[in-house]
Number of protein chains: 2
Amino acid sequence: MAHSHDIPTDLTRNQELVLGTLTASAGPLSAYDILDKLRGDGLRAPLQVYRALDKLVDRGLAHRLESLNAFVACADMHCHRKGLIAFAICESCGKVDEFADEVIEERLGTWARTGGFKVERTTMEIRGRCADCLAKAA
Amino acid sequence: MAHSHDIPTDLTRNQELVLGTLTASAGPLSAYDILDKLRGDGLRAPLQVYRALDKLVDRGLAHRLESLNAFVACADMHCHRKGLIAFAICESCGKVDEFADEVIEERLGTWARTGGFKVERTTMEIRGRCADCLAKAA
DNA sequence: AACGATATGTTATGTTATTACGCTTGCGGC
DNA sequence: GCCGCAAGCGTAATAACATAACATATCGTT
Ligand SMILES: [Zn+2]
Ligand SMILES: [Zn+2]
Ligand SMILES: [Zn+2]
Ligand SMILES: [Zn+2]
């Protein structure tokens, strides 16, 4: 049976290269970081990376972290249909944890309904220290 | 009696100019937008604006919107000691509404405690359409 | 084959943010 | 007063992030 982690097969070459780079990385990468890693594969211009990233983000295979101007591969495809994903970003090791929370989403919906605001998308990014790094620092 | 909207008196000239510009603006401004508006007052270099913005953001007098790479004046100083502020940004008119929500903050705290993550700061930005713009479009 | 839609490659440019360096100003201790 | 420090300021240069504009290529449909 197909497993939810399977990489889609209909990606273009550039999209596959970019997603592969993100997946192989321990943490978020900027578009230019990605470009540098893919020079050996023939990529030369930022736009090649940005175009691939656009598609990957559209499909939920990657996420943009606004507070870092960087990108990560989706951790586990749990989230593609959920409206709100929160990211916990460790300032120390760069690791990114992603999670979806219905309570927060519902609360946001309540706020929006009250004020007549139509929510189109939400970014939530939490900066701090992960458990591992806290343990090491202790 | 002192009112919470009073502008602090211990700002430097550059800080005052930048905060004034933000306060006068209907929507968020980028650092370079601010710079352009302040050329007549003698400001010449991005750094002059960025330095002022750093201080203003530190003091909670202005906020940075990560998803726009832009800045707004704090709407009403209600938030300076609260950990989490959410911003609702209208894609149509640019208006930014800010609010603090204890439920969301508590929920986030719960998630963090569970995973051993130490939250240092959170950015939450909601993109969509404000009530006014929805009414106009109808 | 003709067409449209999507993807690509390339160059140039635009926008946002920081580094590095030196000068000035305000202030407490002497 | 004068020293020494901390904070602020001015300027130039550069780094980092993102898009515009245009030409070509690839693929499925008719
Ligand atoms: Zn995801
Ligand atoms: Zn960590
Ligand atoms: Zn505020
Ligand atoms: Zn609006």
Side-chain angles (χ1 to χ4, degrees), chain A residues 7-22 25 27-59 61-72 89 91 94 96 121 123 125 127, chain B residues 7-22 25 27-59 61-72 89 91 94 96 121 123 125 127:
Chain A
I7 293 175
T9 59
D10 62 341
L11 295 176
T12 67
R13 169 178 158 79
N14 286 357
Q15 288 162 18
E16 205 171 331
L17 286 169
V18 168
L19 182 55
T21 304
L22 283 177
S25 167
L29 296 174
S30 77
Y32 280 76
D33 290 339
I34 295 168
L35 176 57
D36 285 341
K37 289 181 188 295
L38 291 175
R39 298 224 184 252
D41 296 285
L43 268 68
R44 266 170 269 238
L47 206 46
Q48 296 176 289
V49 174
Y50 280 109
R51 286 201 275 228
L53 284 169
D54 278 350
K55 295 296 179 194
L56 295 172
V57 169
D58 273 355
R59 298 184 49 170
L61 300 169
H63 302 293
R64 177 185 173 86
L65 301 174
E66 303 282 1
S67 67
L68 294 178
N69 292 331
F71 301 82
V72 282
I89 303 165
E91 311 255 45
V96 177
R121 87 188 163 285
T123 81
E125 300 179 15
R127 313 289 292 267
Chain B
I7 294 175
T9 59
D10 61 340
L11 295 176
T12 66
R13 171 178 157 79
N14 287 357
Q15 288 162 20
E16 205 171 331
L17 286 168
V18 168
L19 183 54
T21 304
L22 284 176
S25 167
L29 296 175
S30 77
Y32 281 76
D33 291 339
I34 295 168
L35 177 56
D36 285 341
K37 289 181 187 295
L38 291 176
R39 299 225 185 250
D41 296 285
L43 269 69
R44 267 170 265 237
L47 202 46
Q48 297 176 286
V49 174
Y50 280 108
R51 288 202 274 230
L53 284 168
D54 278 350
K55 295 297 178 190
L56 294 172
V57 169
D58 273 355
R59 298 185 50 172
L61 299 170
H63 302 293
R64 177 187 174 87
L65 301 175
E66 304 282 3
S67 67
L68 295 177
N69 292 330
F71 302 83
V72 282
I89 303 165
E91 311 254 46
V96 177
R121 85 186 164 285
T123 79
E125 300 178 15
R127 314 287 292 264

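Everything quoted here is computed from the prediction, not taken from an experiment.
The distance from atom OH of A/Tyr32 to atom P of C/dA17 is 15 Å, rounded to the nearest whole Å. What separates CG of B/Leu35 from C1' of C/dA17 is a distance of 13 Å, to the nearest Å.
From B/Thr12, atom OG1 reaches atom NZ of B/Lys55 across 9.5 Å, with rounding to the nearest 0.5 Å. Atom CD of A/Glu91 is separated from atom CZ of B/Arg121 by 5.0 Å, given to the nearest 0.5 angstrom. If you take CG on A/Leu19 and CZ on A/Phe71, they are separated by 13.0 Å, rounding to the nearest 0.5 Å. For the atom pair CD (B/Gln48) and CG (B/Leu43), the distance works out to 4.0 Å, reported to the nearest 0.5 Å. Summarising the geometry, atom CG belonging to A/Leu38 is positioned 3.5 Å from atom OG1 belonging to A/Thr21; distances are rounded to the nearest 0.5 Å.
Using a 4.0 Å heavy-atom cutoff across all strands shown, A/Ala45 reaches at least one base atom of the nucleic acid.
Using a 5.5 Å limit on the distance between ring centres and a 30° limit on the angle between planes, the aromatic ring of B/Tyr50 does not count as stacked on the six-membered base ring of C/dT18.
Put simply, the residue from A/Asp58, A/Leu61, A/Val18 that forms a side-chain contact (heavy atoms from CB on, under 4.5 Å) with A/Leu53 is A/Val18.
Using a 4.0 Å cut-off between charged side-chain N and carboxylate O, A/Arg64 and A/Glu66 make a salt bridge.
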- line: B/S/- along nucleotides 4-9 of chain C (protein heavy atoms under 4.0 Å) is ---SBB
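Here the side chains of A/Ser30 and A/Asn69 are not in contact, with every heavy-atom distance at 4.5 Å or above.
Taking the 5' to 3' direction, DNA chain D first and last meets chain A under 4.0 angstrom from a heavy atom at D/dC17 to D/dA21.
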